Enquirer: 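This is the structure I have questions about; it appears just below.
This one's a predicted model, so the numbers in the text were calculated from it and none came from an experiment. Computed over heavy atoms, backbone and side chain alike; hydrogens, waters and symmetry mates excluded. To find a chain, count down the sequence lines: A is the first, B the second, and so on, and within it residues start at 1.
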Amino acid sequence: FSGAGGGNDIQWCFSQVKGAVDDDVAEADIISTVEFNHSGELLATGDKGGRVVIFQQEQENKTQSHSRGEYNVYSTFQSHEPEFDYLKSLEIEEKINKIRWLPQKNAAQFLLSTNDKTIKLWKISERDKRPEGYNLKEEDGRYRDPTTVTTLRVPVFRPMDLMVEASPRRIFANAHTYHINSISINSDYETYLSADDLRINLWHLEITDRSFNIVDIKPANMEELTEVITAAEFHPNSCNTFVYSSSKGTIRLCDMRASALCDRHSKLFEEPEDPSNRSFFSEIISSISDVKFSHSGRYMMTRDYLSVKIWDLNMETRPVETYQVHEYLRSKLCSLYENDCIFDKFECCWNGSDSIVMTGSYNNFFRMFDRNTKRDITLEASRENNKPRTVLKPRKVCASGKRKKDEISVDSLDFNKKILHTAWHPKENIIAVATTNNLYIFQDKMN
Amino acid sequence: QDMQEKETVIPERAEEAKLKAKYPNLGQKPGGSDFLMKRLQKGQKYFDSGDYNMAKAKMKNKQLPSAGPDKNLVTGDHIPTPQDLPQRKSSLVTSKLAG
């Protein structure tokens, strides 16, 4: 996995980088979500400015067999606008928290995008022909005087330059008092869930004027609030099952067949904590920032501040695998608390075969863990590694003591360069890694 | 001696000691509940047009308290004004990712 050989080791190479080069980052350009569609042909990003950019993979070039297709801009649109709720004195950010693709049913593509309060269903469709030869209209749209029409013709469709149009088809609003952190499409492809800090709602994709509340953890007295919902996801195969994670490091699996309101979990996943190890930081760093089912549906992965954990759905007592992302930060928690970094919400993802998991870290580093070989690697998303087909050099952080050549010391890490969002192509070894305002695409070196 | 040993052995405890040394008033509650409330409150601006207009009417002859250095922090004495709220303009510019 370190590139030293082995038939199954992936050799990651830089492929492309999108976004501005300058260091002065406008807030609107901060990338807030990255997601491949089900075929991997499309890659969507959302940003703090409420904009969505979709990239499309070029068809493979038969002559250039050493690389897979590049991703180029396919469509871009303003998904959400900033709003002000005057009744509650609440500013509603336009930042796109999550994008989730629907599986493709016809020629058009559909995705759900959400900010803190409103979810929207967008239709992205191609137009590559237009009707020509109207009887009553000129080509430029002006109406013809009907009295000048002496013959009739049948309008025909003629090819035109490809136009990709995005239009909002449904707007699911006014169902969340708190801030939406997750959306997840059900395997029935008809319903989806949206989760905020205290509640989870179930929607039907066709119906915007009502949703069903399926989880409500709001205490009668807000003074008694001890935990919030941090992420939620539907099971990939069982349409009655979903999970939600909490700020206390627990995951609850719920079965919608059990009752209409799933306040009582079917399973509770929690790793017992050694009480003698407890500190002021324990709860904060145990907060789960992301939960993702494996493609198989047998496992789920959670990300907390310092680690990634794999859980077997059949075992609630403890994770089956734990991977340390950046354990060297444990002795820096005081300063990470002071600069708020301890609250950073890192996401995680599986590769298509569920054999490797990936997550981001600081200094534009990202980590991959091979579940089979138990090897891990740290790579960097940086413009300095810009040569296509050159294998990326693994990075190493020196926690303490003598720093070896090519290692970077913990104190030199740039905590403003965080990789919170990463995505893995569903079928290929192609990954999308978002730094603050740039999107990197890396590919497996093909022989 | 035991406690000291334990603090150096467990990096988290050492960090906690550092934090408590810097902020002695840090609450006894574990680092969780304050953040939960802060997280739920995100986006709250507290501009109330009713309060604002009543304050304007009452204070016609007096000087309105001016906004402190931190305009986003609302205290009991200060009635936020529309000018205090940062302008929320939508992004008219295309994303640089599409550039």
Enquirer: So what's closer than 4.5 Å to chain B heavy atoms on A:Thr230: side chain, backbone, both or neither?
Expert: both
Enquirer: Can A:Val228 and B:Arg39 be said to form a side-chain contact (heavy atoms from CB on, under 4.5 Å), step by step?
Expert: CA-CA 9 Å; A:Val228 295; B:Arg39 181 187 175 134; 4.0 Å; yes
Enquirer: Return the OG to CD distance between B:Ser95 and A:Gln78, rounded to the nearest 0.5 Å.
Expert: 10.0 Å
Enquirer: Taking side chain as everything from C-beta outward and backbone as N, CA, C, O, which of these in A:Ile285 sits under 4.5 Å from a heavy atom of chain B? Side chain, backbone, both or neither.
Expert: side chain
Enquirer: Measuring from A:Leu198:CG to B:Leu36:CG, what's the distance to the nearest 0.5 Å?
Expert: 9.0 Å
Enquirer: Which of the residues A:Val73, A:Asp197, A:Thr76 is involved in the greatest number of heavy-atom pairs with chain B at under 4.5 angstrom?
Expert: A:Asp197
Enquirer: Salt bridge between B:Glu12 and A:Arg330, side-chain N to carboxylate O under 4.0 Å?
Expert: yes
Enquirer: Without hydrogens or angle criteria, can the side chains of A:Tyr337 and B:Glu15 be said to hold a donor-acceptor pair below 3.5 Å?
Expert: no
Enquirer: Does atom CG of A:Asn221 have more than 12 heavy-atom neighbours, drawn from other residues, nucleotides or ligands, at distances under 6.0 Å?
Expert: yes
Enquirer: Of the backbone (N, CA, C, O) and the side chain (C-beta and beyond), which part of A:Thr45 lies under 4.5 Å from a heavy atom of chain B, both, or neither?
Expert: side chain
Enquirer: Could you go step by step and tell me if A:Leu333 and B:Glu16 meet the side-chain contact (heavy atoms from CB on, under 4.5 Å) rule?
Expert: CA-CA 8 Å; A:Leu333 291 177; B:Glu16 182 176 8; over 6 Å; no
Enquirer: Determine, step by step, whether A:Ile31 and B:Leu97 satisfy the side-chain contact (heavy atoms from CB on, under 4.5 Å) criterion, reporting the C-alpha distance in whole Å, the side-chain angles of both residues, the deciding distance to 0.1 Å, and the verdict.
Expert: CA-CA 9 Å; A:Ile31 299 172; B:Leu97 292 183; 4.0 Å; yes
Enquirer: Has A:Asn174 got more than 12 heavy atoms of other residues, nucleotides or ligands less than 6.0 Å from its CG?
Expert: no
Enquirer: Going through the checks in order, is the side-chain contact (heavy atoms from CB on, under 4.5 Å) test met by A:Val21 and B:Lys96?
Expert: CA-CA 10 Å; A:Val21 185; B:Lys96 295 201 178 100; over 6 Å; no
Enquirer: Given that the side chain runs from C-beta out, which part of A:Tyr74 has a heavy atom under 4.5 Å from chain B: side chain, backbone, both or neither?
Expert: neither
Enquirer: Within the supplied structure, the quantity of interest is the number of heavy atoms (other residues, nucleotides, ligands) at a distance under 6.0 Å from A:Glu338 CD; does it exceed 12?
Expert: yes
Enquirer: Relative to chain B, which of A:Lys248, A:His179, A:Lys18 shows the most heavy atom pairs under 4.5 Å?
Expert: A:His179
Enquirer: Non-hydrogen atoms of chain B under 4.5 Å away: do they reach the side chain of A:Asn437, the backbone, both or neither?
Expert: backbone
Enquirer: Judged by atom type as modelled, is there a donor-acceptor pair below 3.5 Å linking the side chain of B:Arg13 to the main-chain atoms of A:Arg278?
Expert: yes
